[in-house]
Structure formats: C-alpha cells, structure tokens
Amino acid sequence: MDTRYDYQFLEDKIYEKWDKSGFFNPDVCVKKGVARKNAKKFSIVLPPPNVTGNLHIGHAAMLAIEDIMVRYARMNGFKTLWIPGTDHAAIATQAKVESNIYKKEGRTRHDMGREEFLKRVEEFAQESHDNIVRQVKKMGSSVDWSREAYTLDEKRSLAVRTAFKRMYDEGLIYKGARIVNWDPKMQTTVSDDELEYIEEKVPFYYLKFGPFIIGTARPETKFGDKYVVMHPDDKRYAKYRDGEKLEVEWINGPIMATVIKDKAVDMKFGTGVMTITPWHDATDFEIAERRRLDKEQVIDQYGKLLPLAGEFAGLHISKARPLIAEKFKERGLLQKAEENYTHNVAVNQRGGGRIEPQIKEQWFVDVNREFLLKKSKIKGIKSGEKTTLKKMMKAAVKNGQIKILPKRFEKVYFHWIDNLRDWCISRQIWYGHRIPVWYKSNSKTRNQKSKTSKDIYAGVKPPKGGGWEQDPDTLDTWFSSGIWTFSTLGWPKETKDFLEFHPTSVLETGYDILFFWVARMILMSGYLLGEVPFEKVYLHGLVRDAQGRKMSKSLGNTIDPLSMSEMYGADAVRLSLVIGSAPGNDIKISEDKIRGYRNFATKIWNASRFVLLNYSETRTKPKFTADDKKRIAEVKDLKKRVSRYLDKFDFNRAGDSLYHYFWDIFADKAIESFKPRLNSDNQPDRAAAQETVMRMLREQIKMLHPFMPFVTEEIWGLLPGNEGKLLMVEKWK
RNA sequence: GCGUCCUUAGCUCAGCGGCAGAGCACUUCGUUUACACCGAAGGGGUCGUAGGUUCAAAUCCUACAGGACGCACCA
C-alpha cells in the first residue's frame, strides 16, 4: 500500500470497475443477488445537462448530492435506478452554435439553410454530450448508462409527439393569436420564464391627448392609440362616460378617441389615464380582449415602424423615439418630459435581444381549461373528475403527495401557479422537436379565420397522402423536459421500467428551475398519467464563490470541477460541495475548502494503512476489553445518527458527523490509545485491539462511501476478506 | 406593491427552544516508525438592533436596519 493515496491514477480505474460490474443497473443487481427481486425501488432522473458545453461546479454539486442518495439507497438493498441523459436545450444550443458560426465564418443560419444548419448543431451537441459524459463519470456518479437518454432522440421524440397529440385532442393545446414575448434579434417567441429584466433610465413624456394628459416612456407605440382608459372610480374623470367618443388632436392629425373605464388602470400612477396599444403590451392586450377593442400593429417583427407611423415608417424604434418625441413637441402635444425615469426592460436571457411584445399566432397550453381526468392517482382529484391544469398542479403539492424541501419553496410554487398564464410552447427556431401538426399546402388560409378542420392535421405520425406541409415551428425545450421522468422509462409504451420505476422517488435540482421544470413536470405527468412525477423534491442552492458572488466567466471566478478533481480528487470536490451547506441555501466554495477535504481523504488513506499494517490474521481468540466494546458501540451509534440524517436528506450533518468522528475520535484518540496494545506480547489482548480497530474502520469506510466513493472503494478492496468484492453493493446495515 | 431568504469567530458557513459550533486563517510548541496533505495546546463571539413570549431565546413572535432574491407592475 502506497504511502499516499494517488487519486489521479486510481479514480478512473475504479470507475471502470464499477461500470463493468453492471451494478449501476438495478436489473443486474437483482440478477446477481445484491438486491432482492421484490425489493422497494428507488428511482431518480438526472436533471439532463444542456448540450451547450461543459459542466460547471453547480452540476458537480448536483451530481454529488444525487450520488449520495443513490449509493445510500443501493447499499440499503433498494432496486436503485439513476437515469442519465442530456438536454438538447433548443434555443440555448441554437444560439450558441449560431454565434460560433457567425464569429468563425461570418454566416447566419439563413445563409446555410435548415438542413445544413441542423447538421452543424448536431455535431456540436454530440461533442458537448461526449464531454458531459466524461465529466459525469469523473465525478463518480453511479448512473445506469445502459438507459441513457437524450431529450431529442427517437424514443423521446415519440413521447413528445404523443403528449402533444393527446393534449391537442383534449383542447389543452391550441393555436391562437395572443400577445407573446417576441425577440426581434433571434426572431422567435420566448416564454415568460425565459425573460430577464434590465433596469434602464429613459425619458418619460407627458402628452396631451384631448382633455387628458397621458404618460409614456414609449412614444413610438402611440400612433394607433385611439382608446383612452381610466379607472371607473376615479373622481377626477367622473364626467366622462364609458364608451364616450371625443375628437382629439394627435401626432398625425385629429382622430376619434373612445373613453374606456377599466379597473386595470392604477389611479395612483401618473395622471391615472392612459391610452392603450394592445398589439404591443400585455396589459393593454388583456383590456382589449375583455372589451373587444380593435388591435393594430405598429411595429414589425424586426422592430421597425409600420406605415401607420407616417413619415417614420421603416425606422427602427430606437432611432425613431427621439424624433417622435420631437414631433409631439412641435405639434404642441408635449406637456413635459422627465429625464431619468427608471423602468425595467425585458430581455431574452438566452443571449437574445430586447423583447418586443407582439400579437402572434402561436401554440399555447391552456392552463385554465376544464378537462376530465379519467384515471387519477392525484390526491384531491378523483378519477373522472373535472379539473384544470392549474388546479391539478396545486393539488399535488397542497395535499402533501409531493413534498418540497425546503418547505418554504412550496409557498413560492403556489404563488407562481396563481400568476400562471397560458404557456406559449412554439418557437421559431430550428433546433428542437418540430410541432407535429401539418397543413394542406394548397390552402393558404391557415392563418385566416376561415380555417377548417380539413386543413389541419395533428398526429404522432405524418398524415398520409400528398400536399401536407409541417408546421415550421419547434417546441419549447421545457415541453420535452416536462415528460422526462417517464419518457426516459419508455412511455408511451407501458414498459416494465415504466411500471416499476414511476413515479420517481426524488427529484433533485436547483431552486432556480423550480418553475421552468419542476412545475411543468407536475403538469405533464398529471395530465398524461394522472399521477405525480416524483414523491419528493430536493432543491439545492446556487454555487457561488467564497465572496458569495455568482460564478461567471467575465468575473473570472469560476471554479472548474474537472480541474479541481484532477488537482485534489473527485472525493474532495464532492465533500466540499455537500458539507457546510443547507438545502435551498446557496453553496459557497473555494479552493481552500476543497484542499481541506483532500487532506481528509489522505487522512482516511493513512489511518487505513496503519490499521492494515498492524493487522495480523492470527488465530488467537481476542479478549475484548470494556474500552473495545465502548468504541464499537460508539461507531454503531454513529451509524444510527448518520442513517437518520441521510433518511432526512440532511447530507451536511451526515457528512460532518462522519468527518469529525473519523478524524477527531478515531484517528486522533482511538488509534493513539490502541497503539501500545497493537504490538503487545499479550496475544488475546493484541488480537482484541487489532480486531476492534479493524471493525471501526470497516464500518466507517462503508458509511463514508456514498460521500467519497473512490477512496473508500479502493481501501475496501484492501481490507482482509474483501478481495474482488465491491463496496458499492455492500450492505449498509 | 406582494412574498421569501440572509445577518453567528478575521473569512465562509452549520446550528433553529436547554453549556455558543465547524472549516479555513491566526498564535505557541512538537523531526514519537499511519499521515507535515501531521500532531498537541491556545486565542478569538452582547449570535444585526430594540422590544415581547418562556423557568429558559442565536433559535419562537413583533418592529426596525442592512444585504440578497422571487413574483407582479413598469401606461
């Protein structure tokens, strides 16, 4: 046994041994007798990393936590399944490849065409995938590679189309012209959750609109405004009646304006009066829908003004704004302008542009439509009962069927559902699941009101016969992620895996994707299966640097898990991400901390070495002393404590207890006190001392395994009687 | 506007009714055959502030201050 634990050399070899053994696969565990056939299942999906590049330290934290859960379950005899996979991440991947190609070759995706571009994306995705797989292995993750999945592979595609078709037939997916978040840069819609808000200071204008003064930060949208809205209870405007018509002087001459009284107006904001632009503002759109008002487009999809704007037509809004303000002033319609008005501008967080709300015909998931849930295993909703997606999502958590840890996120979840609007699922990008809807190409009417059922076909397979053309749009990436817990198990087929492992036991992920993903999984699983996708949700925090800053390339404070693992060993990296952090709280990490746990790995190695060096397999019957018994009892006690913590997902305290017992008690106190007896001439006493120390070590190595799988596996193989045995499937108890 | 979290040793954080804890850093000592990626000893805290509940509060409640964040609004 070497004096130093050589993780650089050993880790890959150990991983290969595990992988070859087949024990990552629960079927093999049953076949080889390490799990009973009728054992309870423990199943979990790996939140599939995006194929946009490399894994970061946050992924490492996720892998560490999940691997602890999985190894603990496996050692406890559960039929344990951890399914790995990657996510095509539609818009994020496409944006990355587009920018790479543009930087290197100066070409856009439109220059290359759909087919060639998609080929390039596939190549990139494949490369990222291979990288990710290497990194997942490096971290020691005991995932079942034989079941690996990709959100865009054949099987998952079938699942996506099936899901779409069922929801479409039920009326839960519809196509409609509604206001969406339009990204003029990437030329696609994005969902509400993909927005990011940037604070911006702009001038704020007060404009004369007939007898009213209206405030606006966006004069460029005002050309089509012909409704003036105020709160029905606003006494200042009591003399105007709802529906009253007034002629007012406006930017391009006199227009007929209509007074609208609506409670959506905030009396305290500005003058309490506003004009509305339903085509380019969500609130205005809602008022217009409610009151059946006209809607007019002012800005085109590239952010340029339409002919309605008169002489400004064709100008980009950013250039037009000051000119338009100037014209208002010239016409005597500008009452005043305030500088430095602060407001938030929505931006596409996936590297896109500034969002311009537009009315567009898109595909939506209707979260408020009633439907009949035929077979329900969701508590609080009976089979055959009518419900809505919203109600269903709420019920699953409210009734405790799904438990979120830490509990405070349940509140956040409910709050989000209360504010949930229909989910826009179509994207005008190329990389992703193409919407499984076809139109008759000879009918040019699909965007018109005259649409009939003959013109449109939705199905899992393309329609027979000629003349059909598929919808050019693709699905939001979260649509395929939403069915991940069961698409990975073979759904829509009722496979053995699906019947055995769904619902999954735990979903472990970062709190930042509670809405994106967790909520949508509950939605999809609820509707398609009448079941929850998982029993528990464990949310970890974001990994930050030692000063608590977010890690980013521009700050230069990123810590790469791979190079850290190479420098200090994967075991050290894992432990440093688990100890000293609580669920849902951000994790701070520094190289110092990792180094500290590398020292612990060395400590384990040396203590084990010492125990082995002093162990002789004598036949002498050991004569245990009271002290020996006390030590053994102590370790038993430790196991009870650690088990209790692990059952509660309290990895911090479990790991911390093990760390301190091993170092402070076992290495510093126990071994020291045993030293004289280990070489004593009194044979039975010597045997007792050796035996006691060995037992203490064995138990601790076992308990440490979920946390530090590599070093413990290596040591385990060196302990007497363990030749050829694998610690990963050793019994915990 | 609605809501959440954080404030504990120099730094990073656990603890969440019952004696103030850890890692790193710091000080002193130690070349004892497991380990200097080590050992022994040690210094360092009004647990953000002010009230309250309680036999007992870092822990529960209220208010305030500072910081981070989520959602909504942003005419």
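Every chain is numbered from 1, with letters handed out A, B, ... down the list of sequences.
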Any A:R653 side-chain nitrogen or oxygen under 4.0 Å from OP1 or OP2 of B:G21
no
Who does B:C47 pair with, Watson-Crick or G-U, both distances under 3.5 Å?
none
Whole-Å C1' distance, B:G15 and B:G45
15 Å
Please give the nucleotide sitting opposite B:C19 as a Watson-Crick or G-U wobble pair, both distances under 3.5 Å, or none.
none
Mind running ring-ring contact (aromatic ring centres under 6.0 Å, His included) on A:W250 and A:F328 for me, showing each step along the way?
CA-CA 8 Å; A:W250 199 225; A:F328 271 114; 5.0 Å; yes
Rounded to the nearest angstrom, tell me the gap between atom CZ in A:F666 and atom P in B:C38.
17 Å
Please measure how far the C1' atom in B:U53 lies from the corresponding atom in B:U28, and state the result in whole Å.
47 Å
Taking B:U8 as the reference, what is the distance to B:C37 when you measure between their P atoms (whole Å, please)?
33 Å
Assess, by modelled atom type and distance only, whether the side chains of A:Y615 and A:E691 contain a donor and an acceptor separated by less than 3.5 Å.
yes
Taking a pair as Watson-Crick or G-U wobble with both distances under 3.5 Å, which nucleotide is matched to B:A57?
none
C1' spacing across the pair B:C6 / B:A58, given as an integer number of angstrom
14 Å
Listed pairs, N/O of protein and of nucleotides 23-28 of chain B, under 3.5 Å:
from: B:C24; atom 1: O2'; to: A:D592; atom 2: OD2; distance (Å): 3.3

If we take the P atom in both B:A34 and B:C47, what is their distance in whole Å?
45 Å
For B:U7, what is the paired nucleotide under Watson-Crick or G-U wobble rules, both distances under 3.5 Å?
B:A65
Touch class at under 4.0 angstrom, heavy-atom based, for A:T283 against every strand present:
sugar-phosphate
Hydrogens and angles aside, do A:K675 and A:N614 bring a side-chain donor and acceptor to less than 3.5 Å of each other?
no
Checking all strands, does A:F409 fall into the base, sugar-phosphate, or nothing category for heavy-atom contacts under 4.0 angstrom?
nothing
Taking the six-membered ring for Trp, are A:F204 and A:Y206 parallel (under 30°), tilted (30 to 60°) or perpendicular (over 60°)?
perpendicular
Exercise: do A:Y205 and A:Q335 side chains pair donor with acceptor under 3.5 Å
no
Searching all strands shown, indicate the nucleotide that pairs with B:G1 (Watson-Crick or G-U wobble; both distances under 3.5 Å).
B:C71
Do A:E672 and B:A40 have a side chain to base donor-acceptor pair shorter than 3.5 Å?
no
Let me know the distance between CZ of A:F600 and P of B:C38, rounded to the nearest Å.
12 Å
Between B:C19 and B:A56 - P atom distance, rounded Å
15 Å
Pairwise C1' distance, B:U7 and B:A14 [rounded to whole Å]
14 Å
Within this structure, what is the CG-to-C1' distance between A:N344 and B:C73, rounded to whole angstrom?
9 Å
Using the rule salt bridge (charged side-chain N to carboxylate O under 4.0 Å, His left out), only one of A:R421, A:K263, A:R178 pairs with A:E286; which is it?
A:R421
Hey, which of these two, A:G580 or A:M267, hits RNA chain B nearer its 5' end, going by closest nucleotide?
A:G580
Sole candidate of A:K390, A:K394, A:K411 that passes salt bridge (charged side-chain N to carboxylate O under 4.0 Å, His left out) when paired with A:D418:
A:K394
Protein-nucleotides 2-10 of chain B N/O pairs under 3.5 Å:
from: B:U4; atom 1: OP1; to: A:K411; atom 2: NZ; distance (Å): 3.0

Which whole number of Å gives the distance between the P atom of B:A68 and that of B:G23?
30 Å
Regarding A:A601, tell me which of base, sugar-phosphate or nothing describes its non-hydrogen contacts under 4.0 Å with the strands shown.
nothing
Base-pairing mate for B:A34 - Watson-Crick or G-U, with both contacts under 3.5 Å:
none
Between B:C35 atom P and A:L612 atom CG, what is the distance in whole Å?
14 Å
Let me know the distance between CD of A:E591 and P of B:C37, rounded to the nearest Å.
15 Å
Rounded to whole Å, the CG-P distance (A:N652 to B:A22) equals 14 Å
In this structure, how many angstroms lie between the P atom of B:C35 and the NZ atom of A:K669, rounded?
19 Å
Listed nucleotide nearest any side-chain atom of A:A582, set B:C37, B:C74, B:A14
B:A14
Under 3.5 Å side-chain donor-acceptor pair for A:E566 and A:S563
no
In whole angstroms, how far is the C1' atom of B:C73 from the CZ atom of A:F285?
19 Å
Are A:Q690 and A:L678 close enough, and set up right, to give a side-chain contact (heavy atoms from CB on, under 4.5 Å), and what steps lead you there?
CA-CA 6 Å; A:Q690 290 186 359; A:L678 289 171; 3.7 Å; yes
Side-chain donor-acceptor contact under 3.5 Å, A:T277 with A:D225:
yes
Would A:K226 and A:D294 satisfy salt bridge (Lys or Arg N to Asp or Glu O under 4.0 Å), going step by step from the backbone distance to the final call?
CA-CA 9 Å; A:K226 56 183 181 185; A:D294 298 339; 3.1 Å; yes
Answer for the Watson-Crick or wobble partner of B:G39, both distances under 3.5 Å, is B:C29
For a quick check of understanding: with a heavy-atom distance under 4.0 Å over all strands, which category does A:D668 fall into, base, sugar-phosphate or nothing?
sugar-phosphate
Have a look at A:V273 and say if it touches a base, only the backbone sugar-phosphate, or nothing, with a 4.0 Å heavy-atom cut-off.
nothing
Give the C-alpha distance, both sets of side-chain angles, the deciding distance and a yes or no for side chain to side chain donor-acceptor pair (under 3.5 Å) between A:Y511 and A:D586.
CA-CA 10 Å; A:Y511 67 74; A:D586 292 350; 2.9 Å; yes
